[in-house]
Visitor: 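Take a look at this one; I'll ask things after.
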Amino acid sequence: MMSEGKTSTPEPEIPVTIAMSSGLLFKQEQQSYGPAFNFVKALKAVNAELRNHYPESEELFKVILIDDSSSSDFLMDQIREHELITLLPVTEDQLVNELRNKTHLYLSDEPNRLKVQEALNGGVAAAIMSTPTNIITESENQLRVAFDGDAVLFSNESELVFKSGGLQEYLKNEEQNVENTMNGGPFKGFLEVLIKLQKKLHNRGLYKKCPIRTYLVTSRGAGCDGYRALNTLQTWGLELDEAVFVGGADKGPTLQRIKPHLFFDDQQCHVGAALEVGTVACLVLSPN
């Protein structure tokens with residue numbers, strides 16, 4: 001019970017900051033767009049809705065481009081055209097200290113794998129983005145983000161049981177721990193900020209037409225292992241728009257139906273399946 005005369009202090013509203021290598025958004029040599037461009041356009045659409053309903057709020061998406069060659073006219077023209085983007089003129093080698101405690105998500109490409117690993121080890125949600133041959137997304141006005149479960153939203157504790165003991169040991173472990181909440185994975189925090197913004201828009205009556213949708217696309221089945229995942233999310237207070245349990249099957253058909261702007265997974269085989277159906281997929285590295 002609060003003491004008389006005291007009021008609770010609301011949490012400060014800060015931007016949801018997403019840092020990425022500039023080449024993921026703008027390919028300067030070809031003067032064309034990179035694989036993250038549709039994702040950023042969707043962020044811009046969400047910002048427009050948030051400004052419409054919460055004009056005084058600072059809780060908006062902000063994109064920071066990491067680039068140490070900011071003299072490019074093409075890059076600067078694009079930044080001026082897209083007001084949510086700012087430039088951080090540092091190299092990837094100088095990056096991790098800039099990101100820690102300030103960034104909700106960091107996206108880079110394969111040549112910067114070590115920096116992605118370093119960011120993950122520092123507590124930043126980070127992943128390596130891969131580009132499909134033909135990017136297929138459904139909407140520019142609705143942000144769609146899909147997550148794997150184990151080692152992404154959840155810790156890798158169950159995945160380690162599977163790797164060491166096989167499927168039967170994994171299923172036994174999930175049955176024994178079905179009511180026990182899993183620990184959070186590296187992308188739990190990013191999901192939390194997405195759902196926080198989503199709830200703000202729901203509070204303004206935007207349900208069916210909400211510009212944010214979140215998905216769980218997991219190899220867990222619909223038995224105890226799937227129930228444990230849902231129970232964990234419910235305990236955290238995180239309700240996704242859709243949860244799909246593929247039970248070890250190919251995730252490609254589900255992603256082809258959902259058409260997310262980004263999909264996060266820790267398994268290269270699932271990243272490959274996503275790329276085959278036109279989904280921009282991001283590989284989440286295992287913790288060191």
Side-chain angles (χ1 to χ4, degrees), residues 1-3 5-20 25 36 38-66 79-88 90 95-107 119-120 122-127 139-147 152-153 184-216 233-241 260-262 264 282:
M1 183 174 179
M2 285 193 300
S3 301
K6 290 186 178 181
T7 58
S8 60
T9 303
E11 293 182 12
E13 293 191 337
I14 60 173
V16 177
T17 303
I18 299 169
M20 65 179 69
L25 190 54
N38 289 338
F39 170 60
V40 172
K41 285 183 74 174
L43 297 180
K44 190 175 179 180
V46 175
N47 277 1
E49 286 286 0
L50 288 167
R51 286 195 185 98
N52 182 38
H53 294 283
Y54 297 92
E56 304 301 320
S57 176
E58 295 295 323
E59 204 165 37
L60 302 164
F61 287 108
K62 176 182 178 182
V63 175
I64 296 177
L65 290 188
I66 301 145
I79 289 171
R80 282 190 288 269
E81 184 178 335
H82 298 84
E83 75 280 357
L84 78 165
I85 301 169
T86 59
L87 187 70
L88 185 63
V90 300
L95 180 64
V96 173
N97 286 336
E98 295 280 351
L99 295 180
R100 194 175 284 119
N101 300 323
K102 301 177 184 177
T103 306
H104 296 89
L105 175 65
Y106 167 49
L107 300 170
L120 275 170
V124 178
S139 174
E140 294 180 358
N141 299 316
Q142 185 182 65
L143 173 66
R144 299 181 182 184
V145 184
F147 301 89
V152 178
L153 292 182
F187 278 74
K188 178 189 175 187
F190 183 54
L191 176 62
E192 285 175 337
V193 296
L194 289 180
I195 289 183
K196 182 180 180 184
L197 293 180
Q198 191 179 48
K199 286 180 177 178
K200 288 179 71 171
L201 292 164
H202 288 173
N203 290 338
R204 292 295 186 265
L206 296 178
Y207 289 96
K208 291 184 178 180
K209 294 184 178 180
C210 184
I212 301 175
R213 284 188 68 82
T214 57
Y215 304 84
L216 171 68
L233 291 167
Q234 184 177 33
T235 301
W236 291 345
L238 300 178
E239 182 179 351
L240 288 86
D241 291 289
H261 292 92
L262 295 184
F264 296 97
C282 303

Visitor: Starting at CD of Glu192, measure out to CG of Leu153 and round the result to the nearest 0.5 Å.
Guide: 10.0 Å
Visitor: Does Asn141 use its side chain to pair, donor to acceptor, with the backbone of Ala45 at less than 3.5 Å?
Guide: no
Visitor: What are the two closest non-hydrogen atoms of Leu240 and Leu216, and how far apart are they?
Guide: CD2-N, 3.5 Å
Visitor: Locate the shortest heavy-atom distance separating Leu201 from His53; write the atom from each residue and the value.
Guide: CD2-CD2, 4.4 Å
Visitor: Can you check whether Glu59's main-chain N or O pairs, donor with acceptor, with Tyr54's side chain at less than 3.5 Å?
Guide: no
Visitor: May I ask you to check whether Phe190 and His104 place their ring centres under 6.0 Å from each other?
Guide: no
Visitor: Determine the minimum heavy-atom distance between Met20 and Val40, stating which atoms define it.
Guide: CE-CG2, 4.0 Å
Visitor: Can you measure from CZ (Phe187) to SG (Cys282) and round to the nearest 0.5 angstrom?
Guide: 7.0 Å
Visitor: Roughly how far, to the nearest 0.5 Å, is the NZ atom of Lys196 from the CG atom of Leu238?
Guide: 12.5 Å
Visitor: Tell me the closest heavy-atom pair linking Asp241 and Thr214, and the distance in Å.
Guide: OD2-N, 2.8 Å
Visitor: Step by step, would you call Phe264 with Leu105 a side chain to side chain contact (heavy atoms under 4.5 Å, CB included)?
Guide: CA-CA 12 Å; Phe264 296 97; Leu105 175 65; 4.2 Å; yes
Visitor: Can you confirm whether Glu239 sits close enough to Ile195 that some side-chain heavy atom of one is under 4.5 Å from a side-chain heavy atom of the other?
Guide: no
Visitor: If only atom types and distance count, is the side chain of Asn203 paired as donor or acceptor with the main-chain N or O of Lys199 below 3.5 Å?
Guide: yes
Visitor: Would a 4.5 Å heavy-atom cut-off, applied to side chains only, mark Val193 and Phe61 as touching?
Guide: no
Visitor: I need the single residue from Leu120, Ile66, Ile18 that forms a side chain to side chain contact (heavy atoms under 4.5 Å, CB included) with Tyr106. Which is it?
Guide: Ile66
Visitor: Any sub-3.5 Å donor-acceptor pair from Gln142's side-chain atoms to Cys210's backbone N or O?
Guide: yes
Visitor: To the nearest 0.5 angstrom, please state how far the CG atom of Asn38 sits from the CG atom of Leu25.
Guide: 10.0 Å
Visitor: Which atoms form the tightest heavy-atom contact between Pro186 and Ala125, and what is the distance?
Guide: O-CB, 3.4 Å
Visitor: Does any part of the side chain of Ile64, heavy atoms only, come nearer than 4.5 Å to the side chain of Thr103, both counted from C-beta?
Guide: no
Visitor: Might you point out which heavy atoms bring Glu58 and Glu13 nearest each other, and give the distance in Å?
Guide: CB-O, 3.6 Å
Visitor: Distance check, rounded to the nearest 0.5 Å: Asn47 atom CG versus Leu60 atom CG?
Guide: 4.5 Å
